[in-house]
Number of protein chains: 2
Amino acid sequence: MRLNREQVLTAALDLLDEVGLDQLTMRRLSTALGVQNGATYWHFRSKSALLEAMADELLAGVAAVPAGPWDVRVTDLARRLRRALLSRRDGARVYSAVFFPLPNALAYGDAMIGALLEAGLSPRDAAWTADTVTYHVVAHTIEHQLASAGEGPERLTAAVSPYPNLAAAIEFVPAPHPDEHFEHGLRLIVTGIRAETPTPAGPDR
Amino acid sequence: MRLNREQVLTAALDLLDEVGLDQLTMRRLSTALGVQNGATYWHFRSKSALLEAMADELLAGVAAVPAGPWDVRVTDLARRLRRALLSRRDGARVYSAVFFPLPNALAYGDAMIGALLEAGLSPRDAAWTADTVTYHVVAHTIEHQLASAGEGPERLTAAVSPYPNLAAAIEFVPAPHPDEHFEHGLRLIVTGIRAETPTPAGPDR
DNA sequence: ACCTGAACACCGTTCAAGT
DNA sequence: ACCTGAACACCGTTCAAGT
């Protein structure tokens with residue numbers, strides 16, 4: 001049973017889809033590969049090194065957005081990151097479990113900051129604004145992927161009844177429309193960027 | 001060694017400060033309390049039930065904001081949630097590890113949606129906008145608390161060198177100014193809300 | 001009502017030894 | 001170079017039995 005690094009990584013992502021992050025275990029992975037327990041450690045130093053590689057594999061290609069106006073590129077990058085995280089079960093949680101950015105995550109950050117620099121932001125504001133966009137993408141996707149796996153809305157509906165404003169909004173809280181929910185926040189942030197940016201040359205719009 | 005639920009909860013929060021979330025273990029908690037392993041299970045059904053209680057304890061009082069203009073209340077609520085999460089080591093990760101909202105989290109959500117309804121948003125937009133604000137608070141705080149514990153910036157500086165836009169912004173990426181970083185994103189989002197809201201009565205501002 | 005003692009079914013990681 | 005076999009040092013959870 002000769003393995004290479006790529007086979008281990010592919011099997012790990014398949015196992016993730018099958019059992020989810022909480023059940024993704026070095027031992028289950030070895031079993032799925034038909035090898036003994038310690039065999040995977042020859043290819044990856046540790047479980048967290050494997051998770052880093054999985055996260056970066058998830059993000060392959062997200063930074064490859066076409067040229068265009070800055071706001072289109074920002075929106076496009078955010079959507080592509082979201083799609084990438086949705087491509088595997090618990091993808092967003094895998095991404096957020098990794099502290100250190102690998103090449104595809106760096107390329108995404110670079111492209112996002114690049115678009116914001118072209119919008120006229122300072123390097124500082126571009127870096128911080130990129131973070132706010134990314135927080136929205138990742139946190140929204142984590143919440144959505146957790147909700148898909150979680151319990152029904154009955155418990156929430158009951159818990160919410162003493163809170164008048166929550167009760168008025170309850171049908172949108174578990175977000176039965178994840179795409180619109182995501183787009184709403186993304187549009188909100190891009191509107192904020194535009195409002196804070198000194199309008200560049202051009203008569204209007 | 002007679003315990004009650006509150007003593008277990010207090011000890012758990014103290015242990016969290018001492019060792020961090022990853023080392024917070026039912027067994028270490030029992031040892032800290034001077035009891036046997038299974039004793040804590042009489043007071044909390046499971047570790048996740050204990051984490052739920054810890055998360056809600058963290059959020060005590062965050063919803064108690066004074067009356068005032070909607071944007072002041074939104075900003076105030078976001079800052080108070082951040083302060084609450086910062087009050088304990090890994091507080092933001094504890095909060096995000098809990099799927100189901102307990103009373104203090106519900107009260108926070110209710111107050112946030114209430115402020116946004118007064119801004120003139122529909123229930124749907126208020127619920128979704130509240131989420132975007134909260135994503136920023138929680139994700140920013142998780143990142144900040146992880147960075148405080150993590151490695152130095154050397155590895156990041158090296159990794160970033162092939163990426164021109166990241167390199168230009170690198171000094172702000174590990175965020176040596178967490179307060180300004182947080183306020184930047186919060187202001188951005190509130191600006192976005194204001195820009196999307198049909199301006200209410202009043203001549204200007 | 002609340003705790004002990006002991007077990008069950010797992011984990012990640014390491015490492016000599018094999019091929 | 002790559003894997004086996006076996007161990008080490010842990011986990012969360014359960015539960016009869018004690019007081």
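In what follows, chains carry the letters A, B, and so on, assigned in the order in which the sequence lines appear, proteins first and then strands, with residues in each chain numbered from 1.
- Ring-centre distance between A:His136 and A:Phe182: below the 6.0 Å cut-off.
- OP1 and OP2 of D:dA1 both lie 4.0 Å or more from every side-chain N or O belonging to A:His43.
- With salt bridges taken as basic N to acidic carboxylate O contacts below 4.0 Å, one links A:Arg88 and A:Asp14.
- Nucleotides D:dC3 and C:dC15 have their C1' atoms positioned 12 Å apart, rounded to a whole Å.
- Applying a 4.0 Å cut-off to non-hydrogen atoms, none of the residues of residues 7-16 of chain A approaches DNA chain D.
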- Message: As a quick check of understanding, evaluate side-chain hydrogen bond (donor to acceptor under 3.5 Å, both in side chains) for B:Thr134 and B:Tyr108, giving each step before the final call.
- Response: CA-CA 10 Å; B:Thr134 305; B:Tyr108 160 82; 2.8 Å; yes
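- Around CD of B:Glu6, the count of heavy atoms belonging to other residues, nucleotides or ligands within 6.0 Å does not exceed 12.
- When both distances must be under 3.5 Å, the Watson-Crick or G-U wobble mate of C:dC2 is D:dG18.
- What you find for B:Ala195 and A:Thr191 is that their closest heavy atoms are CB-CG2, 3.5 Å.
- Using a 4.5 Å cut-off on side-chain heavy atoms (C-beta onward), A:Val74 and A:Thr129 make no contact.
- In this structure, B:Leu3 places its CG atom 9 Å from C1' of C:dC3, rounding to the nearest Å.
- Under 4.0 Å is where a charged nitrogen must lie from a carboxylate oxygen, and between A:Arg89 and A:Glu18 no such pair does.
- With a 3.5 Å ceiling on both atom-pair distances, the Watson-Crick or G-U wobble partner of C:dC8 is D:dG12.
- Between A:Gly20 and A:Asp90, the closest heavy-atom pair is CA-OD2, 3.5 Å.
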- How would nucleotides 5-19 of chain C be written as a contact map, 5' to 3', with B for base contact, S for sugar-phosphate-only contact and - for no contact, using protein heavy atoms under 4.0 Å? S-B---BBBB-----
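- The separation of C:dA9 from D:dC10, taken at their P atoms, amounts to 22 Å, rounded to a whole angstrom.
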